[in-house]
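All chains are named by letter (A, B, ...) in the order of the sequence lines, taking the proteins before the strands, and each is independently numbered beginning at 1.
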Number of protein chains: 2
Amino acid sequence: MPWKDGTGPPWLHGKFKGCGYRMTMPRQIILDVLSGTTEHLSAEDIYHKVHSAYPSIGLTTVYRTLELLVHAGLIHKFDFGDGRARYELVEGSQNTGHHHHLVCTGCGGIIDYADFIDQEIELLKKTEKGLSKKYNFKITNHLIQFYGLCAKCQKQ
Amino acid sequence: MPWKDGTGPPWLHGKFKGCGYRMTMPRQIILDVLSGTTEHLSAEDIYHKVHSAYPSIGLTTVYRTLELLVHAGLIHKFDFGDGRARYELVEGSQNTGHHHHLVCTGCGGIIDYADFIDQEIELLKKTEKGLSKKYNFKITNHLIQFYGLCAKCQKQ
DNA sequence: ATTTTAATGATAATGGTTTTCATTTTCATT
DNA sequence: AATGAAAATGAAAACCATTATCATTAAAAT
């Protein structure tokens with residue numbers, strides 16, 4: 001987790017404290033909501049879920065907190081092409097960690113997929129290494145999504 | 001290219017005509033602009049470029065035409081995280097066809113990369129086949145992007 | 001406790017994209 | 001060539017997710 005002002009090494013020391021961030025109730029609850037789901041929630045989804053436990057929450061705070069968490073590397077922000085961003089914990093109790101997505105262009109549904117075969121991971125590493133060298137590009141992350149039709153939408 | 005009303009087989013018969021679409025000047029020029037660049041243009045970029053050849057063009061028409069072309073499968077719509085969509089021809093004279101992207105999170109620059117190694121293509125096919133079977137998901141497309149810092153941004 | 005600094009939330013603003021609707025253009029038919 | 005029906009266009013307004021503003025409140029430091 002990077003220091004608030006952008007300097008300093010990226011250790012994950014506690015969660016917020018120790019890096020200049022304050023752990024407040026809204027932040028706590030937003031993290032709780034994200035920890036307790038496997039869905040791909042939008043900012044407004046999160047706002048509504050938080051609202052039931054903490055009615056005074058403002059949508060602005062949700063956006064601000066999500067931005068903070070993305071910057072801190074605790075959550076990922078995705079775009080599945082429906083005009084709103086989706087957020088999910090990088091690693092959570094529900095979440096098994098890094099995964100890729102199958103996005104249904106029919107209904108907008110999303111399937112997580114993390115059962116990579118060894119060959120897949122190996123090649124990905126190899127590819128990243130090759131690209132880094134060839135283009136002198138320091139890769140920090142990747143996004144892999146497959147688009148198509150889910151079982152349900154194929155029938156219609 | 002799918003028939004205008006959504007029915008019918010997806011042949012590419014001519015470009016527009018023969019499928020119920022009309023080939024008009026704005027559409028012609030928008031396609032010309034897309035054919036003549038390797039950049040990743042936004043709707044407004046395209047609007048400005050078209051404007052010099054056809055000043056009466058409206059931004060609305062650009063959006064509408066781009067949507068049409070995406071639906072027809074002639075162009076791809078990408079989101080690189082800067083709040084505006086980018087468009088590029090699926091296959092063009094400049095463009096060598098399918099490729100992946102390196103997205104610099106520093107300056108927003110984008111590097112196209114299409115020199116896949118055989119192993120890479122093979123594994124991708126294999127992965128798609130495996131996923132299709134396992135999740136009964138009909139894959140029609142994929143998106144692969146690597147995020148990181150380009151050579152320039154690494155120095156700063 | 002008190003002070004300092006950061007976080008919050010209501011509201012307004014932003015900006016890319018869509019809708020609306022009257023007008024114009026295209027294409028098939030006289 | 002002229003006509004008429006259907007489709008495409010463009011200007012303006014509407015949309016809507018996200019950001020900025022700013023006065024108020026809460027959290028950590030003193």
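Contact check, A/Thr61 against C/dG9: a side-chain N or O comes under 4.0 Å of OP1 or OP2. Under 4.0 angstrom from either OP1 or OP2 of D/dT9 there lies at least one side-chain N or O belonging to B/Thr24. For C/dT8, the OP1/OP2 oxygens have a side-chain nitrogen or oxygen of A/Arg27 closer than 4.0 Å.
Considering all non-hydrogen atoms of both residues, A/Ile30 and A/Val62 come closest at CD1-CA, 3.9 Å. When all heavy atoms of A/Lys138 and B/Gln154 are compared, the pair lying nearest together is N-NE2, 3.2 Å. Residues B/Phe137 and A/Phe146 share a closest heavy-atom pair of CE2-O, 4.2 Å.
Computed from coordinates, the B/Ile30 CD1 to D/dT9 P distance equals 8 Å when rounded to whole Å. In this entry the distance linking CZ of A/Phe78 with C1' of D/dT18 reads 19 Å, nearest Å. Counting to the nearest Å, the C1' atom of D/dG10 and the CD1 atom of B/Ile57 are 9 Å from each other. In this structure, the CG atom of A/Leu66 is 15 Å from the P atom of D/dA17, given to the nearest Å. Taking atom CD of B/Glu67 as the reference point, atom C1' of D/dA8 lies 14 Å away to the nearest angstrom. Per the geometry, CG belonging to A/Asp82 stands 12 Å off P belonging to C/dT18, to the nearest Å. Atom CG in B/Leu59 sits roughly 18 Å away from atom P in D/dA14 (whole-Å rounding). Following rounding to the nearest Å, B/Arg22 (CZ) and C/dC27 (C1') show an atom-to-atom distance of 6 Å.
Across every strand in view, C/dT30 sits in a pair with D/dA1 that passes the Watson-Crick or G-U test at under 3.5 angstrom.
Across all strands, B/Ser56 comes closer than 4.0 Å only to sugar-phosphate atoms, never to a base (heavy-atom distances). Within 4.0 Å (heavy atoms only), A/Tyr47 reaches no atom of the nucleic acid at all.
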CA sep, side-chain torsions, deciding dist, call: B/His100, B/His142, ring-ring contact (aromatic ring centres under 6.0 Å, His included): CA-CA 9 Å; B/His100 298 164; B/His142 67 247; 5.3 Å; yes
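Distance from the side chain of A/Pro26 is smallest for C/dG9 among the nucleotides C/dG9, D/dT9, D/dT18. Distance from the side chain of A/Arg64 is smallest for C/dT8 among the nucleotides D/dT18, C/dG16, C/dT8.
When each of A/Tyr63 and B/Gly58 is assigned the nucleotide of DNA chain D with its nearest heavy atom, B/Gly58 is the one assigned upstream, toward the 5' end. Residue-to-nucleotide proximity on DNA chain D shows that, of B/Thr60 and A/Ala85, the 5′-proximal contact is made by B/Thr60.
There is no side-chain donor-acceptor pair under 3.5 Å between A/His99 and A/Asp115.
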